[in-house]
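Lettering of chains follows the sequences in order, A, B, ..., and the numbering in each one begins at 1.
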Amino acid sequence: MAPTEAVFYWAALALYALASAGLVYAFVFRNERFIPRMLVLTFAASWRTPALRALSVGTVPLVVLLMGFGVTRNPTLGPLAASLRSGWLVVHVFFAWLAFGAYGLATAGGIAHELKRRGVRRAERNPAWDRLPALERLDELIFRWILFGFIADTVMIASGAIWARDLWGSYWSWDPVEVWSLVVWLSYGLAIHLRLTRGWKGAPFARVAIAAITGMFVTFFGVSFMVEASSHVFNVR
Amino acid sequence: MTRALRRLASLRLTIWVLAALAVLFLAGLWIPQKALFDREGYLRWVAANPSLSRVLDATGLTDVYASPIAIALWVIFFANLLAVMSARFPVILRRVALSGPIPDPSSGGFPFVRRLPAQGPGGLDAARVVLERRGYRVRRDGERLRAVRNRFSPLATPAFHLSFVVILAGGVATSLTRFQGRVDLGVGERFTGSLAQFVSRPHVARFATLPAERFDVEAVAPTVVDEVPVRLEVALRDVDGTARSMEVNRPHCSDAGTCYVLEDADVAPLLLVLDAEGRELEGGYVRLKLILGKPAQARLMGLPLEVRLFPDWQRVGEEDATRSREMRNPALQLAIVTEDGRTVRKTLRAGEELAAGAYRIRFAGWRYWIQLFVRSERGLGVLLSGFGLAATSLALRLLFFSRELVVALLPADAVEIAGRADYYRALFSDEFEAVVREVATALAAIPRVA
């Protein structure tokens, strides 16, 4: 069923792209629907590694939540506003997807790590845990995803600053979304620091990976609900 | 002194400072910020909460990002960063040096150790070939080899921390050289660079460059598709006659480094006040925010006036309406309170008049006006280089992590291989096993000495 849905989704997106200003802009219109697909695609790409397959269990709740949010959005097709017609939009949004996708995977890894760690301690051992990577390897994967997300996040913030300078005149205007992007960036920076200088590994680091995603949700969803004065509009129409 | 330096270099301090900054930023979301709200809105909030606003203002919380608390926290953060780096840099330099005694594989410190049979003294040379083929830099000292891959990766740690200082330097440079202000110009008007022309007092930092350009706004051409403004082009002409243009997302930047960013465009109706004999008493283009369809307030001859624009006017029943947001058939709905207190309302097309007591208001025409954000600053390149350095350093340090192998020839016709890697023990174990397999194959291929 999933491959059939995927075929219909990508076909619809291609038609959407043809009817609008371009493929990348079509993705922007479907931000909240595209991110979960990227998560799914990441796993499809690593399908040859059996240990990674089982990790998709951790991402499924996130994918379902995001897709559920996606279907509540207005599907009307419309032209792209002048403010969004910039090459920097492509760079900024692409690296935002990479960063948020990687952070999402790290969270999923953290959840999987916690579940497996608790599961293997039980007297009645569930063989399903053997399908997940070994705890030590999972721990390193979480760290690498956070790291990759952090690098992509850095490029996202920098490209956004360049774009903002041309659009709003100032590369940084302490907009709520900018502030929370900085908070997210600093949080993951702190997670990396805790790992490297304090040796946080295993369960504590997995919990950090789970908790740190909160900032991303505040940035992407929370600020839109809480603050009206943001220049960042995720629901582009 | 040493103890104070140790505390300054502690991770605990980093965590506290970052947590305090996060709390401060969170407060900035709830407390109205001077920089983010319009002046009238902010003053309304101050009037509604006089004592609270006084306290918040005094503590700098109505401008949290530039408040003394925020600046103090940033100072501590960077002091902490420099203290950490000064302590770690000599250690890192020692680590990347390939020289020095090669450790014994079985001395501890190597999580992976294997022993392989070897035929004679050629074992080390065979191992060296394998390691060099795998990208390791190899040094031999007597009966031992030391092989390192991504040897300079640890240097990326200070480079990453240096990036914060570069970002700070860029940020300080841009803020010390910043000129920024807003100017409203109608089509046909000239920008003279005079500070008096700006909407409000511009921000002029200590080392700012004032705008030196002089140009006229020649034309404004918006393109609207399905009610969405998809393009806004503005034609400019310098006083020397050179034609320029700008768009949303494409500012006009001069050689001197001043950029003119197109922020907004709207319609300025030409409203004339006439007396009973038709003599013009007052009038001019009134720059108003009308294009989105909301009513705007103005004053003519001291009388309050409410103006609403219908860019592509049509009558739907008894109501005024617009077919689109394009200026195809503009009409103005005027409501004016006359001297005797009556409100007179009428919808006018270009050339039509409204009788308001002793006066007549004529809608004589219209033109576009634009709002420009004028800015100049230096150091943005430095700031962005800081981000570039941060991203590159992280990738070099943590994705291209350094790995170290030590190979020793043992007296009993055997070689011992030991390995360790930064950060990724589990991932390195795969590579170590592959190296061991290849070295074993190479050793087995050495011809047996008779």
Side-chain angles (χ1 to χ4, degrees), chain A residues 21 78-89 133-141 143-144 147-148 150-155 157-158 161-163 165-176 179-180 182-183 186-187 189-190 192-198 215 223 226-227 229 237, chain B residues 11 14-15 18-19 21-22 25-26 28-30 33 35-37 64-66 84 157 171 174 178 180 182 222-223 225-232 247-251 259-261 263 372-375 377 380 383-384 386-388 390-392 394-395 397-399 423-427 429:
Chain A
L80 199 69
S83 56
L84 295 171
R85 289 175 185 265
S86 164
W88 287 110
L89 169 77
L135 285 177
E136 193 185 5
R137 191 166 295 246
L138 197 50
D139 175 61
E140 288 181 0
L141 282 171
F143 179 56
R144 285 184 76 120
L147 189 67
F148 180 77
F150 188 75
I151 293 168
D153 204 355
T154 308
V155 180
I157 291 174
I162 299 171
W163 181 21
R165 193 169 181 255
D166 285 348
L167 181 62
W168 300 324
S170 171
Y171 62 83
W172 193 265
S173 46
W174 295 107
D175 180 85
V179 171
W180 276 95
L182 183 65
V183 170
L186 290 173
S187 310
L190 182 63
I192 292 169
H193 241 288
L194 287 171
R195 171 86 176 202
L196 300 181
T197 59
R198 283 291 163 117
V223 172
M226 286 161 62
V227 183
R237 276 203 290 271
Chain B
L11 183 67
T14 316
I15 294 167
L18 290 180
L21 279 170
F25 293 163
L26 194 66
L29 281 180
W30 267 279
Q33 297 297 298
L36 292 177
F37 283 79
V64 286
Y65 309 116
V84 169
T157 302
T174 53
R178 182 173 298 142
Q180 64 182 43
R182 285 189 172 81
T223 308
V225 177
D226 295 342
E227 298 302 289
V228 177
V230 295
R231 200 162 179 204
L232 181 58
E247 282 185 61
V248 173
N249 270 317
R250 190 170 62 78
C259 283
Y260 300 85
V261 179
E263 275 199 323
L372 298 181
F373 184 86
V374 185
R375 65 122 211 275
E377 64 196 3
L380 187 66
L383 188 84
L384 295 174
F387 278 102
T392 313
L394 270 178
R397 182 71 186 109
L398 299 170
L399 295 179
Y423 312 121
Y424 305 106
R425 188 187 143 102
L427 292 173
S429 70

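Heavy-atom distances place the side chain of Leu384(B), and not its backbone, under 4.5 Å from chain A. For Leu18(B), the part lying near chain A is the side chain, with the backbone staying farther off; criterion is any non-hydrogen pair under 4.5 Å. Neither the backbone nor the side chain of Leu21(B) comes within contact range of chain A; no heavy atom of the residue lies under 4.5 Å from a heavy atom of that chain. Contacts between Ser429(B) and chain A at a heavy-atom distance below 4.5 Å involve the side chain alone, from C-beta outward. Only the backbone of Arg231(B) comes within less than 4.5 Å of a heavy atom in chain A; its side chain stays farther off. With a 4.5 Å cut-off on non-hydrogen atoms, Glu227(B) does not touch chain A at all. For Leu383(B), the part sitting under 4.5 Å from any heavy atom of chain A is the side chain, from C-beta outward, and nothing else.
Annotation: side chain of Ile151(A) is not in contact with side chain of Thr392(B) (no heavy-atom distance under 4.5 Å). Between Tyr171(A) and Glu377(B) there is a side-chain heavy-atom pair separated by less than 4.5 Å. In this structure, the side chains of Trp180(A) and Leu26(B) come closer than 4.5 Å at one or more pairs of heavy atoms.
Your options are Val225(B), Thr174(B), Val230(B), and the one with the most heavy-atom pairs under 4.5 Å with chain A is Val230(B). For the set Ile162(A), Val179(A), Asp153(A), the count of heavy-atom pairs under 4.5 angstrom toward chain B peaks at Val179(A). Per-residue heavy-atom pair counts under 4.5 Å with chain B were compared for Ala161(A), Gly189(A), Ala82(A), Ser83(A), and the maximum is reached by Ala82(A). With chain B as the partner, the residue from Val183(A), Asp139(A), Leu147(A) showing the most heavy-atom pairs under 4.5 Å is Leu147(A). Ranking Ile15(B), Leu232(B), Val84(B), Val248(B) against chain A, the residue ahead of the rest is Val248(B), based on heavy-atom pairs under 4.5 Å.
Under 4.0 Å is where a charged nitrogen must lie from a carboxylate oxygen, and between Glu140(A) and Arg425(B) no such pair does.
Taking CZ of Arg144(A) as the start and CG of Leu398(B) as the end, the distance is 9.0 Å to the nearest 0.5 Å. Here CZ of Phe373(B) is found 10.5 Å from CZ of Arg165(A). Values are rounded to the nearest 0.5 Å. Interatomic distance, CH2 of Trp168(A) versus CG of Asn249(B), reported as 10.0 Å (0.5 Å rounding). Once rounded to the nearest 0.5 Å, the distance linking CG of Leu196(A) with CZ of Arg397(B) reads 8.0 Å. Note that OG of Ser170(A) is 5.5 Å distant from CD of Gln180(B), once rounded to the nearest 0.5 Å.
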